[in-house]
Number of protein chains: 2
Amino acid sequence: MKDFKKGLEGIIALETEISYIDGVKGILEYRGYRIEQLAKLSFVSIIHLLLHGKLPTIREHDQFSNMLKERRELDVHTKEVIHFYNFNIEAMDALMTAISHLSHSDPDLNSNSHEENISKAIRLIAKAPTAVAYFQRIHEDKEIIKPNELLPHSSNFLYMLRGEIPTVLEAKILNVDFILSAEHELNASTFAVRVTASTLSDIHSAIISGIGTLKGVLHGGARLAVMNMLDEIGDPKKTEKYVMNLIKNKQRIMGFGHRVYKVVDPRADIFRDLAKKLAEEKKDMKWYEMATKIEEVVTRELVEKQGKTIYMNVDFYSGVIYKYLDIPPKLATAIFALGRITGWLAHALEQYKDNRLIRPRAKYIGDHHTPE
Amino acid sequence: MKDFKKGLEGIIALETEISYIDGVKGILEYRGYRIEQLAKLSFVSIIHLLLHGKLPTIREHDQFSNMLKERRELDVHTKEVIHFYNFNIEAMDALMTAISHLSHSDPDLNSNSHEENISKAIRLIAKAPTAVAYFQRIHEDKEIIKPNELLPHSSNFLYMLRGEIPTVLEAKILNVDFILSAEHELNASTFAVRVTASTLSDIHSAIISGIGTLKGVLHGGARLAVMNMLDEIGDPKKTEKYVMNLIKNKQRIMGFGHRVYKVVDPRADIFRDLAKKLAEEKKDMKWYEMATKIEEVVTRELVEKQGKTIYMNVDFYSGVIYKYLDIPPKLATAIFALGRITGWLAHALEQYKDNRLIRPRAKYIGDHHTPE
């Protein structure tokens with residue numbers, strides 16, 4: 001057998017019509033539309049685009065939005081059982097258990113027809129934010145806040161989480177966060193989703209593989225790590241020294257570097273602008289200043305002096321934004337998942353449509369103890 | 001970008017010291033020992049071999065066995081919450097939710113040191129059978145039966161499930177079933193486990209990806225499908241006609257065919273002998289006769305007449321064995337998981353040891369709507 005690429009780096013595993021990345025030019029498209037254009041739309045439009053392959057008309061948008069709104073509440077068992085959770089866990093672990101439990105009451109659990117999978121997808125996207133918000137409210141020993149049908153997807157999530165209607169800018173920014181987090185080709189969690197779907201397992205199982213995979217610090221867990229880093233630095237004046245220290249000790253700088261992008265992640269640029277606006281609205285430049293300083297030091301030391309291609313990625317300024325939205329760090333990865341679940345579902349649907357079991361080989365490098 | 005192999009067929013994704021398959025010669029080895037030799041040992045020896053890389057001494061075997069016995073009971077929350085499950089689900093869905101819930105109380109949930117992961121692995125192997133048995137007992141509205149420390153791993157599982165100490169042959173056969181199911185190189189579920197672990201997510205998340213992936217009918221779900229097929233045929237005399245009909249309509253015959261083996265799966269031969277012994281003990285040849293008849297018709301029609309390389313796989317006679325052990329079909333895939341969890345854990349540990357994020361690429365074949 002021939003040689004192999006560790007981590008399957010650069011290996012094409014499958015064909016897709018869902019997203020396109022040019023990592024050298026810094027281009028990201030969902031279904032052929034540039035991310036910069038899509039970031040101006042509503043998250044509901046993006047869900048429609050990813051699941052159905054096209055942007056909705058105004059009429060379709062309203063219908064689709066209503067369908068999501070009507071499906072936000074959890075079934076009584078899943079809801080009840082959240083009280084039994086251990087609250088030392090991350091919201092990500094809670095989301096995984098809740099979706100696993102949600103599957104029990106799914107009317108179509110073991111059916112894999114396209115229509116039923118679309119219905120399941122819509123239910124999952126609608127209910128996942130509710131599970132995260134309920135978990136956090138119960139954890140904080142506060143009353144849970146039921147979904148509000150007057151509010152769109154992202155505003156409603158912040159409302160259920162905090163008990164207050166968010167400002168226009170806050171809602172807009174979380175909407176953009178969900179859009180930018182929604183999809184990114186064959187990242188590790190999406191790949192895990194497709195491996196699971198490729199055995200013709202059910203879509204809940206596929207999504208749960210995605211959640212477990214996104215959780216790792218080399219993937220979605222990086223946002224939590226960025227937030228922890230910002231907290232640890234604590235003061236913009238201490239930033240330079242902190243980052244220089246990481247570089248000296250050759251430690252990973254959270255929120256920098258990407259397997260695919262060899263330039264700045266196009267999503268990161270959008271996030272930087274939003275972080276600045278949010279800092280200005282909050283009249284608190286602290287986190288934004290720390291972030292731009294980190295970026296400055298990394299660029300100066302690693303890119304300019306050492307010639308490395310290490311740029312900030314999507315997790316960097318989204319971590320900053322979560323600080324301004326007052327989101328507890330243990331919710332960071334779960335909120336990433338509330339965006340990415342849409343891409344996962346689109347990929348699961350695509351996998352079922354023209355399935356082939358994903359089953360590579362391993363090269364054995366151990367000993368043989370039994371004689372031939 | 002160059003071309004690709006659908007389903008990553010024949011592509012080497014990584015190196016391993018855990019198992020070796022020669023699909024042409026029909027050889028399977030765990031850690032360099034032939035499966036035919038290993039099938040004579042205790043499952044506890046195999047767990048030790050897979051996790052620690054070597055067979056235990058007699059002293060190590062006893063210590064290891066005691067460690068597993070002491071860890072069988074579930075924590076009070078996970079146990080309590082099983083009463084809230086919907087009992088239309090497969091035991092596989094219950095096992096997933098239970099392990100997700102178990103993670104909440106794991107003292108080392110987000111630590112990934114090798115020592116802590118070994119502890120987590122032992123806890124998971126010990127507790128998983130308890131979760132499946134409790135689910136089934138509660139579902140049947142019977143009292144749950146606590147683990148019995150006098151009984152070894154497989155006997156104890158059958159005891160918790162049925163409330164009676166199993167016969168020597170029954171216990172022996174389930175022991176072999178766990179051994180043969182324990183590990184099989186980079187099958188889809190094990191690959192999913194490694195993708196999840198490769199983001200440095202926790203080991204519970206990795207195992208849950210394995211469970212969700214094994215569930216599909218193109219993977220572990222095939223055992224359930226074999227049991228359903230046997231029930232559907234119902235009578236050995238109807239077998240010939242049933243199989244001929246499947247062949248005529250070009251339908252999949254459950255329990256036949258494998259991505260890697262081009263000859264009879266070496267595990268299937270072992271299972272066939274055991275199925276025969278069990279049929280004789282039970283003085284009921286019905287299921288065994290049906291199975292040998294199916295095998296005969298498939299060999300005659302597809303292999304001899306059409307020249308196809310389609311042989312029975314591990315799921316075929318294990319489905320037969322489960323019929324004789326009186327295991328409800330909805331438990332079949334979960335029992336497969338109770339064996340395979342050991343291989344999954346060994347692969348997760350190997351992935352963490354020399355990690356590289358598993359992140360392939362996709363080839364975009366859609367349109368571009370935004371001008372360059």
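Chain identifiers are assigned alphabetically (A, B, ...) following the order of the sequence lines, protein sequences preceding nucleic acid strands; residue numbering begins at 1 within each chain.
By the 4.5 Å heavy-atom criterion applied to side chains, A/Ser103 and B/Ile89 are not counted as neighbours. The shortest distance between side-chain heavy atoms of A/His369 and B/Gln37 does not fall below 4.5 Å.
Within the 3.5 Å criterion, the main-chain N or O of A/Leu357 finds a donor-acceptor partner in the side chain of B/Arg259. No donor-acceptor pair closer than 3.5 Å links the side chain of A/Thr199 to the backbone N or O of B/Leu214.
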Problem - B/Tyr85 vs A/His101, ring pair (Phe, Tyr, Trp, His ring centres under 6.0 Å): CA-CA, chis, key distance, verdict - result: CA-CA 7 Å; B/Tyr85 289 6; A/His101 208 127; 5.4 Å; yes
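Of the residues listed (B/Arg359, B/Lys363, B/Arg361), the one engaging A/Leu186 in a side-chain contact (heavy atoms from CB on, under 4.5 Å) is B/Arg359, and it is the only one.
The residue among A/Gly7, A/Pro360, A/Ser100, A/Gly212 with the most heavy atom pairs within less than 4.5 Å of chain B is A/Pro360. Across A/Gly53, A/Ala222, A/Ser19, A/Ala192, the residue that shares the most heavy-atom pairs under 4.5 angstrom with chain B is A/Ser19. Among B/Val195, B/Thr97, B/Asn86, the residue with the largest count of heavy-atom pairs under 4.5 Å with chain A is B/Thr97. Among B/Asn88, B/Ile99, B/Val217, B/Thr196, the residue making the largest number of heavy-atom pairs under 4.5 Å with chain A is B/Thr196. The most heavy-atom pairs under 4.5 Å with chain A, out of B/Ser205, B/Ala197, B/Ser201, come from B/Ser201.
Heavy-atom distances place the side chain of A/Glu90, and not its backbone, under 4.5 Å from chain B. With a threshold of 4.5 angstrom between heavy atoms, B/Asp354 approaches chain A through its backbone and through its side chain. Both the backbone and the side chain of B/Asp93 come within less than 4.5 Å of a heavy atom of chain A. For B/Ser189, no part lies near chain A; criterion is any non-hydrogen pair under 4.5 Å.
Below 4.5 Å, heavy atoms of chain A meet heavy atoms from B/His77, B/Glu80, B/Val81, all part of residues 74-82 of chain B.
Residues passing the side chain to side chain donor-acceptor pair (under 3.5 Å) test with B/His184 are B/Tyr261, B/Arg267, sequence neighbours excluded. Taking A/Gln351 as the reference, A/Arg194, A/Asn355 meet the side chain to side chain donor-acceptor pair (under 3.5 Å) condition, with sequence neighbours excluded.
Smallest separation of non-hydrogen atoms from A/Ser209 and B/Thr213: OG-OG1, 4.1 Å. The two residues A/Ala188 and B/Ile358 have their closest heavy-atom pair at CB-O, 3.5 Å. Across all non-hydrogen atoms, the minimal contact from B/Leu218 to A/Ser198 is CD1-O, 3.6 Å.
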For residues 10-17 of chain A, which side-chain donor-acceptor pairs fall under 3.5 Å, sequence neighbours excluded?
residue	atom	partner	partner atom	Å
A/Thr16	OG1	A/Ile18	N	3.0
A/Thr16	OG1	A/Glu350	OE1	2.7
A/Thr16	OG1	A/Glu350	OE2	3.3

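Aromatic ring orientation, B/Tyr20 versus A/Tyr364: tilted (interplanar angle from 30° to 60°).
Taking NE2 from B/His204 and CE from A/Met96, the interatomic distance works out to 10.5 Å, rounded to the nearest 0.5 Å. The distance from atom CZ of A/Arg31 to atom CG of B/Asp367, rounded to the nearest 0.5 Å, is 11.0 Å.
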